[in-house]
Amino acid sequence: MDLFDYMKEQALQKEAPLASRMRPTTLEEVVGQQHIIGKDKLLYRAIAADKLSSVIFYGPPGTGKTTLAKVIANTTRAEFMQINATSAGKKDMEDVIRQAGDNLGMYGKKTILFIDEIHRFNKGQQDYLLPYVEDGTVALIGATTENPYFEVNGALLSRSILFELKPLSGQDIKTLLFRAVTDAEKGMGAYRAVLADDAAEFLADIANGDARAALTALELGILTTERSADGLIHITLAVASECIQKRAVRYDKNGDNHYDTVSAFIKSMRGSDPDAAVYYLARMLYAGEDIKFIARRIMICASEDVGNADPQALQVAVAASLAAERLGMPEAQIVLSQAATYVACAPKSNAACEAVFQASAAVSSGQTPPVPAHLQDAHYSSSAKLGHGVGYKYAHAYPHHYAAQQYLPDALAGSVFYRPTENGYEKTIRDYLEDVARWREEQLREENQLQEEEP
């Protein structure tokens with residue numbers, strides 16, 4: 001690094017946002033994440049001993065993934081290199097690997113490669129790293145906000161230790177806020193600001209576990225608030241509120257928060273809680289979720305969780321899907337709300353869902369005996385010679401439009417897959433099947449009597 005590069009780096013550090021300047025440089029300065037960096041934990045011991053192997057840091061934004069990587073950079077004796085997957089290409093990786101090979105071969109020095117947003121790399125880019133991670137040319141530190149089991153190459157993941165970072169607690173964020181206000185070297189201490197307790201509580205709450213969001217709001221408040229008569233900048237609750245004009249919904253349409261919210265939406269409908277269902281619906285719509293995606297989830301729930309307890313639920317859900325797509329927002333929210341609350345308030349049964357799962361299990365286990373001959377197709381020319389369709393009873397030719405005959409293959413005769421509940425309309429279905437069982441016994445009894453009377 002020459003003098004100009006050094007001066008540029010110093011200037012960038014000085015002008016960097018508060019959240020960047022306040023990043024810890026040692027493990028002792030790190031706030032939160034004690035479940036992985038407590039002094040008795042594996043990650044703390046590995047960093048302190050400079051024996052870190054390849055790791056993946058996974059967690060929401062602002063929880064300290066890059067911070068931990070920077071701490072490692074400051075404590076390791078290995079060469080530390082960093083690239084961002086959003087902008088790095090194959091040539092960048094080739095340069096890193098070449099330099100890492102030189103470090104190892106010429107100086108016997110390890111190289112730690114930190115890849116931010118590693119989920120942005122495609123499969124080919126991730127595959128390229130595999131042999132170099134495996135042979136120790138580089139020790140990988142990957143950071144991702146996405147679930148690595150979905151977004152990171154399985155082979156690469158199997159060669160790394162996964163550490164999940166949790167959203168910071170409100171107390172953790174308050175600690176960082178007060179530290180930033182008083183730190184004259186890296187923070188805003190030179191501005192002689194005073195952070196009120198209720199303002200700190202508000203910022204910690206609104207940040208929702210994201211330290212970067214809280215520090216950014218604090219910095220904005222200090223830089224835009226005039227000094228009071230006492231010469232101090234007072235960050236009051238009113239000032240803190242002005243710094244956040246709109247509370248952000250914690251929802252990423254491609255990330256875990258997306259799946260968590262959708263899961264809560266479905267489980268609320270399944271749990272017959274229309275208030276929770278419409279709340280999560282509003283949350284998804286507010287975050288810009290695709291209305292077709294929401295409509296599909298309602299249709300699935302209408303069939304899987306309501307089923308035949310209220311067959312109309314699926315009709316409402318399908319109609320809402322078509323209407324929402326044709327109307328678009330904002331009117332679509334009304335239609336989706338109607339469908340979601342209907343499904344939530346409908347009687348529940350997963351009997352139809354369980355029936356197909358149990359039948360599928362029977363099929364997948366190899367229980368695929370031949371279809372009974374009397375049910376086989378009798379329309380092609382040679383079918384009669386093969387006995388196909390012979391003995392079939394046409395249901396509408398019998399009382400109650402029911403004919404007592406075996407429909408399942410012989411090996412599965414008597415198997416029961418669909419067990420209707422007594423909820424809603426399914427009780428009517430249950431009663432009908434009980435009638436069917438009675439009609440079956442009556443028909444079989446009559447057939448036996450006729451056979452006995454024949455000469």
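Predicted model, so just to flag it, every value in this text is computed and none were measured.
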Ignoring hydrogens and angles, state whether a donor on the side chain of [X] or [Y] is under 3.5 Å from an acceptor on the partner side chain.
X	Y	result
Glu426	Ser349	yes
Ser365	Gln367	yes
Asn84	Ser87	no

Check ion pair Arg98-Asp102 (N to O, under 4.0 angstrom):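 Salt bridge flag = no for Asp102 with Arg98.
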Considering only heavy atoms from C-beta outward, does the side chain of [X] approach that of [Y] to under 4.5 Å?
X	Y	result
Val55	Leu68	no
Gln358	Arg419	yes
Ser321	Ile298	no
Leu285	Met329	yes
Leu129	Ile115	yes
Met188	Glu219	yes
Val335	Ile291	no
Thr428	Tyr432	no

Cation-pi, Phe293 ring and Arg297 (6.0 angstrom, 45 degrees):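 Yes, Arg297 sits over the ring of Phe293.
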Could you state the interatomic distance from OG1 (Thr341) to CG (Asp273), rounded to the nearest 0.5 Å?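 Spacing of OG1 (Thr341) from CG (Asp273) equals 12.0 Å.
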Distance (rounded to the nearest 0.5 Å) between Leu177 CG and Arg179 CZ: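 Answer rounded to 0.5 Å: 11.0 Å.
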Return a table of donor-acceptor pairs under 3.5 angstrom between the side chains of residues 302-317 and protein atoms on other chains or two or more places apart.
from, atom 1, to, atom 2, distance (Å)
Asp305, OD1, Arg270, NE, 2.8
Asp305, OD2, Arg270, NE, 3.2
Asn308, ND2, Tyr418, OH, 3.1
Asp310, OD1, Gln312, N, 3.1
Asp310, OD2, Tyr342, OH, 2.8

Under the side-chain contact (heavy atoms from CB on, under 4.5 Å) test, which residues partner Ser415, sequence neighbours left out?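 side-chain contact (heavy atoms from CB on, under 4.5 Å) list for Ser415, sorted by chain: Leu408, Leu412, Phe417.
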Name all residues meeting the side-chain contact (heavy atoms from CB on, under 4.5 Å) criterion together with Thr26; count only those two or more places apart in sequence or in a different chain, and write none if there are none.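 For Thr26, the residues satisfying side-chain contact (heavy atoms from CB on, under 4.5 Å) (neighbours in sequence not counted) are Glu28, Glu29.
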A quick test of your reading: do over 12 heavy atoms of other residues, nucleotides or ligands sit less than 6.0 Å from OH of Tyr191?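 Counting neighbours around OH of Tyr191, 12 or fewer heavy atoms of other residues, nucleotides or ligands fall under 6.0 Å, so no.
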Sub-3.5 Å donor-acceptor pair from the side chain of Lys348 to the main-chain atoms of Ala346, do we have one?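 Side chain of Lys348 to backbone of Ala346, a donor-acceptor pair under 3.5 Å: yes, one is there.
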